[in-house]
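Sequential numbering from 1 along the given sequence is applied to the chain's residues. Since we're looking at a predicted model, the values are computed, not measured.
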Amino acid sequence: LMDNATSLSVWTAIGEFRPQVTLDLRVDYMRPATPGKSVIGRGECYKVTRSMALVRGIAHDGDPDDPVAHVAGTFIRVDNF
């Protein structure tokens, strides 16, 4: 879920679909999700360079202030793929 959410945040930040590869995605689990509730993922791309993008995000089950998980990662931009 969070790999997809953060990957989409890169495409949103650069304004187009471009090939990319997840280099690193650290997931810190904060607590178990509540049974029966949907888990919502939100990703943010906060820095884009010529060759990489840096992302962060959270997953929650209804309250963004009480996350299930926090993620931080790096995508490598593959423009000649």
More than 12 heavy atoms of other groups within 6.0 Å of [X] [atom1]:
X: Tyr29; atom1: OH; result: no
X: Arg26; atom1: CZ; result: no
X: Arg77; atom1: CZ; result: yes

Look up atom [atom1] in [X] and atom [atom2] in [Y], then write down how far apart they are to the nearest 0.5 Å.
X: Arg56; Y: Arg42; atom1: CZ; atom2: CZ; value: 11.0 Å
X: Thr74; Y: Leu23; atom1: OG1; atom2: CG; value: 6.0 Å
X: Ile58; Y: Asp66; atom1: CD1; atom2: CG; value: 9.5 Å
X: Phe17; Y: Thr12; atom1: CZ; atom2: OG1; value: 12.5 Å
X: Leu54; Y: Cys45; atom1: CG; atom2: SG; value: 7.0 Å

Nearest heavy-atom neighbours spanning [X] and [Y]:
X: Gly43; Y: Thr6; answer: CA-CG2, 4.0 Å
X: Val27; Y: Ala69; answer: CG1-CB, 4.2 Å
X: Val48; Y: Ala13; answer: CG2-CB, 4.2 Å
X: Val39; Y: Ala33; answer: CG2-CB, 3.9 Å

Notebook entry, point to check: Does the side chain to side chain contact (heavy atoms under 4.5 Å, CB included) test come out yes or no for Asp3 and Phe75, once each step is laid out?
Noted result: CA-CA 10 Å; Asp3 189 39; Phe75 286 87; 3.6 Å; yes

Notebook entry, point to check: Quick one: do Val71 and Leu1 end up in the same hydrophobic cluster if we chain Ile, Leu, Val, Met, Phe, Trp and Tyr together by side-chain heavy atoms under 4.5 Å apart?
Noted result: yes

Notebook entry, point to check: Does Asn4 offer a backbone N or O that forms a donor-acceptor pair with the side chain of Ser7 under 3.5 Å?
Noted result: no

Check: Does the pair Lys37/Asp63 count as a salt bridge with the N-to-O cut at 4.0 Å?
Finding: no

Next item on the list: For side chain to side chain contact (heavy atoms under 4.5 Å, CB included), just list the numbers for Val68 and Arg31, CA-CA rounded to whole Å, side-chain angles, deciding distance to a tenth of an Å, and then say yes or no.
Entry: CA-CA 5 Å; Val68 171; Arg31 64 175 180 84; 3.9 Å; yes

Next item on the list: Check the pair Gln20, Val78 against side chain to side chain contact (heavy atoms under 4.5 Å, CB included), reporting the backbone distance first and the verdict last.
Entry: CA-CA 5 Å; Gln20 60 194 13; Val78 185; 5.5 Å; no

